[in-house]
Amino acid sequence: MALTETVLAFSTRTLRVRLTAPGDETPLREETLVVNPTALPLDLGTTQPSLVPALRSAVLNRVTLRHPGPLLLFTGWEQEDLADLGAREGWLRIGDDPSLAAGAGEGAPFPAHTPLWRSPVEQLGTVTLPPELLGAPSAARAAVPLRLQANLWYAPAGTDCHIHRKHEFLEVHTQIAGRGRMQKFHAQDAATRYQDLALEPGATHEPFCAHDGTGAWHYPWHRYWSDTDCVWLALEYHPC
């Protein structure tokens with residue numbers, strides 16, 4: 001089967017990001033960080049069963065990917081020089097774009113001086129997710145079509161990416177380079193932290209919001225914290 005991959009706009013000098021076409025067969029011949037943004041698990045077709053679950057990721061090599069939905073493929077993340085990533089064309093510092101800072105969530109304003117940069121945003125089509133992936137009530141039966149968009153974030157070591165909780169979409173994050181963590185809090189106060197989700201390259205945290213069936217998303221207070229210079233992928237699932 002012919003490959004019809006798309007190279008995404010937030011690829012960098014050495015970090016290459018591709019989107020596969022649904023149904024393609026994609027042989028991997030080098031270390032590749034594979035993100036499955038769909039509701040269907042990715043079966044690696046190995047002798048012993050091995051899956052990449054829905055909305056999760058893995059670093060893979062020497063397998064052929066066969067999947068009815070799209071996959072995101074990252075290579076070269078270990079070679080990328082992160083030092084000047086935010087200064088590259090198309091990247092925006094969060095404090096330099098009022099729409100970014102305004103969308104950073106409920107609570108105290110996002111500090112404009114925060115060293116946090118966003119790459120260009122890619123629209124990746126529509127994904128339908130079942131209620132169990134959305135944290136919806138058990139009475140909810142209908143799957144929900146959502147518009148999927150993706151971008152990278154970059155922050156240097158020790159960046160506090162602001163405690164917030166309001167989003168009008170489902171989001172999950174995949175660590176691409178460096179080490180960071182997603183943290184949860186009882187209030188918009190660092191002293192109320194109750195959970196750390198450590199993120200190494202190749203790791204995606206599970207969704208931790210709930211969908212109430214009326215179109216609203218409910219998050220705990222949370223933030224991203226960079227232990228080292230970090231690049232991570234944000235997948236956002238917006239109402240259609």
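For reference, positions follow the sequence shown, starting with 1.
Checking side-chain atoms of Gln188 against main-chain N and O of Ile163 turns up a donor-acceptor pair under 3.5 Å. The backbone N or O of Pro145 sits nowhere less than 3.5 Å from a side-chain atom of Thr126 that would complete a donor-acceptor pair. Under the 3.5 Å distance criterion, the side-chain polar atoms of Ser57 are matched with a main-chain donor or acceptor of Gly202.
By the 4.0 Å N-to-carboxylate-O rule, Arg13 lies close enough to Asp84 to be salt-bridged with it. Under the 4.0 Å criterion applied to side-chain N and carboxylate O atoms, Glu168 and Arg147 are not assigned as salt-bridge partners. The pair Arg181-Asp196 counts as a salt bridge, with a side-chain nitrogen and a carboxylate oxygen less than 4.0 angstrom apart.
Both Leu235 and Leu15 are members of a single hydrophobic cluster when ILVMFWY side chains are connected at heavy-atom separations under 4.5 Å.
Contact detail for Arg29 and Thr64: the closest heavy-atom pair is NH2-OG1, 4.4 Å. Closest approach of Ile176 and Pro201 over heavy atoms only: O-CB, 3.6 Å. Considering every non-hydrogen atom in both Phe10 and Pro120, the closest pair reads CD2-O, 3.4 Å.
Between the CG atom in Leu19 and the CG atom in Leu148 there is a gap of 8.5 Å [rounded to 0.5 Å].
Between His167 and Phe169, the ring-plane angle classifies as tilted under the 30° and 60° cut-offs.
A distance of 6.0 Å or more separates the ring centres of His222 and His205. Less than 6.0 angstrom separates the ring centroid of Tyr224 from the ring centroid of Trp232.
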